[in-house]
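Reviewing the structure listed below.
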Amino acid sequence: EVTVSGAKNAALPVLAGCLLVSGETVLHNVPRLQDISTMIKLLSILGAKCRQEDSTLYIDTSSITVNEAPYSLVKTMRASFIILGPLLGRLKSARVALPGGCAIGTRPVDIHIKGLQALSAEVEIQGGYVEAKVKKLKGNTVHLDFPSVGATENIMLAAALSEGETIIRNSAREPEIVNLGDFINRMGGHVRGAGSDEIIVQGVSRLHPSEFTIMPDRIETGTLISAAAITKGDIIIRNASPTHLESVIGKLSDAGVEITCSGETIHARSSRRISSVPVRTLPYPGFPTDLQPQLMAVLCLAEGASIISETIFENRFMQVPELIRMGASIKVEERNAMIEGVKKLSGAEVMCSDLRAGASLVLAALAADGVSLVQRIYHIDRGYECLEQKLSALGAKITRVRAGM
């Protein structure tokens with residue numbers, strides 16, 4: 001059995017949302033991750049007082065006076081750009097460095113900027129920073145060119161303290177968006193439609209501190225199901241949200257994994273060689289791009305040929321050369337990867353290029369013959385809490401070692 005941690009991608013915008021209130025917010029089920037630590041550092045620079053006890057985080061934002069997010073922090077984590085909206089709402093001005101993060105694609109921020117401009121913000125880009133100011137945020141209708149999760153979150157947070165009503169059309173539908181809407185409402189805001197392609201935010205003059213619980217991490221859950229699939233394992237996953245993973249559960253079931261769900265528990269069992277399946281990543285509720293590398297690792301050992309089409313990020317096959325080093329048979333043509341299943345993988349020294357690619361290499365190593373050494377695991381630490389400990393408790397022979405040992 002294994003218990004899923006709180007969702008990184010849900011916790012980060014909620015942490016940013018704490019900037020909208022003056023006082024102490026209490027957040028439960030917050031994972032201890034590098035990205036969370038980075039956001040805490042950023043909030044501290046802005047004037048917040050933060051302390052974490054196990055999975056509970058206390059954030060006192062009574063004294064937010066600084067409005068600048070420095071490049072030294074933003075370059076390491078793209079999600080830190082989400083503070084732009086709440087800073088505009090709280091201080092009426094913000095200076096945030098253009099973001100970095102995983103090197104999986106361009107992910108331009110113009111969708112964020114257009115949305116905030118629609119709410120009456122004046123925005124300029126100078127010297128690698130986005131500088132925004134506003135006399136008063138005013139509600140408006142915003143149509144997103146693409147259902148960007150980050151842009152949807154930034155606009156929701158800014159609109160929460162705006163004057164009037166904001167309608168976000170073609171909004172992202174991810175469960176993390178619903179989680180953020182619930183958080184804003186817990187603080188006294190008025191968000192409805194979160195989880196659909198049209199979100200309506202009725203601005204209020206003031207929000208209040210609250211207590212809130214972060215949703216379970218659906219990407220960690222999908223990674224653990226994939227671990228059972230690739231090792232012919234049998235695991236029970238606690239604190240999960242099966243309804244958030246219908247596309248993933250459906251695809252892995254098609255591949256031959258036996259998956260049963262009951263409440264917040266998922267039982268995943270694989271007793272035979274996986275079957276090949278076609279996969280196409282899409283915005284939610286489609287198959288998530290954040291689980292594409294992990295499924296690719298599983299399909300490397302499938303019977304027959306599989307095709308993965310990556311429609312979200314143009315550079316999200318960075319795990320392919322490393323999987324080939326382990327004996328996989330993969331050919332990439334533009335945004336399509338053709339995978340010819342092999343009977344076995346062999347242990348090798350491999351290197352993480354980004355967070356989810358790193359997870360796929362760990363999965364491949366679990367099923368490979370011999371010993372594998374996965375390097376640059378700081379990428380994995382950005383998004384998985386105690387991954388090696390959880391896998392070890394499930395029976396994996398996995399240990400963390402110092403570089404150079």
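Everything numeric here is computed off the predicted structure, so don't read it as measured data.
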When you compare the side chain of [Y] with that of [X], does any pair of heavy atoms fall below 4.5 Å?
X	Y	answer
S44	I40	yes
L252	I259	yes
F287	K251	yes

[X] atom [atom1], neighbour heavy-atom count above 12 within 6.0 Å:
X	atom1	answer
I307	CD1	no
R206	CZ	no
K133	NZ	no
R32	CZ	yes

To the nearest 0.5 angstrom, please state how far the [atom1] atom of [X] sits from the [atom2] atom of [Y].
X	Y	atom1	atom2	result
I113	E124	CD1	CD	11.0 Å
S196	I168	OG	CD1	10.0 Å
T265	E1	OG1	CD	8.0 Å
H208	R186	NE2	CZ	9.5 Å
I274	S306	CD1	OG	10.0 Å
R382	M77	CZ	CE	8.0 Å

Between [X] (side chain only) and [Y] (backbone N and O only), is there a donor and an acceptor less than 3.5 Å apart?
X	Y	result
R90	V21	yes
D197	S171	no
R316	P293	no
S372	A348	yes
S37	L33	yes

Determine the minimum heavy-atom distance between [X] and [Y], stating which atoms define it.
X	Y	answer
I59	C18	CD1-SG, 3.8 Å
E153	I82	OE1-CD1, 3.2 Å
I111	A151	CG2-CB, 3.6 Å
L345	A328	CD2-N, 3.6 Å
P86	L20	CA-CD2, 3.6 Å
L224	I235	O-CD1, 3.4 Å

Picking from [options], what satisfies side-chain contact (heavy atoms from CB on, under 4.5 Å) with [X]?
X	options	result
R218	S241, P288, P242	P288
V130	L116, V74, L84	L84
T221	I237, I249, L291	I237
Y384	R356, K390, H379	R356

For a side chain to side chain contact (heavy atoms under 4.5 Å, CB included) check, start with the C-alpha distance between I377 and R400, then their side-chain angles and the critical distance, and finish with the verdict. CA-CA 9 Å; I377 58 170; R400 178 183 291 253; 3.5 Å; yes

After noting the C-alpha distance and the side-chain angles of E310 and T289, does the key distance pass the side chain to side chain donor-acceptor pair (under 3.5 Å) rule? CA-CA 7 Å; E310 173 59 62; T289 181; 3.1 Å; yes

Ion pair present between [X] and [Y], side-chain N to carboxylate O less than 4.0 angstrom?
X	Y	answer
R269	D234	yes
K331	E333	no
D354	R376	no
E198	R169	yes
R335	E314	yes

Before giving the answer on salt bridge (Lys or Arg N to Asp or Glu O under 4.0 Å), spell out for R95 and E131 the whole-Å C-alpha distance, their side-chain angles and the decisive distance to 0.1 Å. CA-CA 4 Å; R95 187 171 186 266; E131 299 182 4; 3.0 Å; yes

After noting the C-alpha distance and the side-chain angles of T3 and N239, does the key distance pass the side chain to side chain donor-acceptor pair (under 3.5 Å) rule? CA-CA 6 Å; T3 300; N239 189 39; over 6 Å; no

Run the side chain to side chain contact (heavy atoms under 4.5 Å, CB included) check on L12 and I36 step by step: do they pass? CA-CA 7 Å; L12 292 173; I36 298 295; 3.8 Å; yes

Among side-chain atoms of [X] and [Y], is any donor-acceptor pair under 3.5 angstrom?
X	Y	value
S93	N67	yes
N29	S55	no
T281	Q292	no

State which residues pass ring-ring contact (aromatic ring centres under 6.0 Å, His included) with F81; sequence neighbours excluded, sorted by chain then number. H112

Could you walk me through whether D54 and T56 pass side chain to side chain donor-acceptor pair (under 3.5 Å), step by step? CA-CA 6 Å; D54 297 324; T56 298; over 6 Å; no

Test side chain to side chain contact (heavy atoms under 4.5 Å, CB included) on V142 and I167 and set out the steps. CA-CA 6 Å; V142 181; I167 301 174; over 6 Å; no

Under the side chain to side chain donor-acceptor pair (under 3.5 Å) rule, what do T223 and Q294 come out as? Steps first, then yes or no, please. CA-CA 6 Å; T223 302; Q294 297 90 311; 3.1 Å; yes

Applying side chain to side chain contact (heavy atoms under 4.5 Å, CB included) to V350 and M326, what does each step give before you reach the verdict? CA-CA 8 Å; V350 291; M326 301 178 76; 3.9 Å; yes

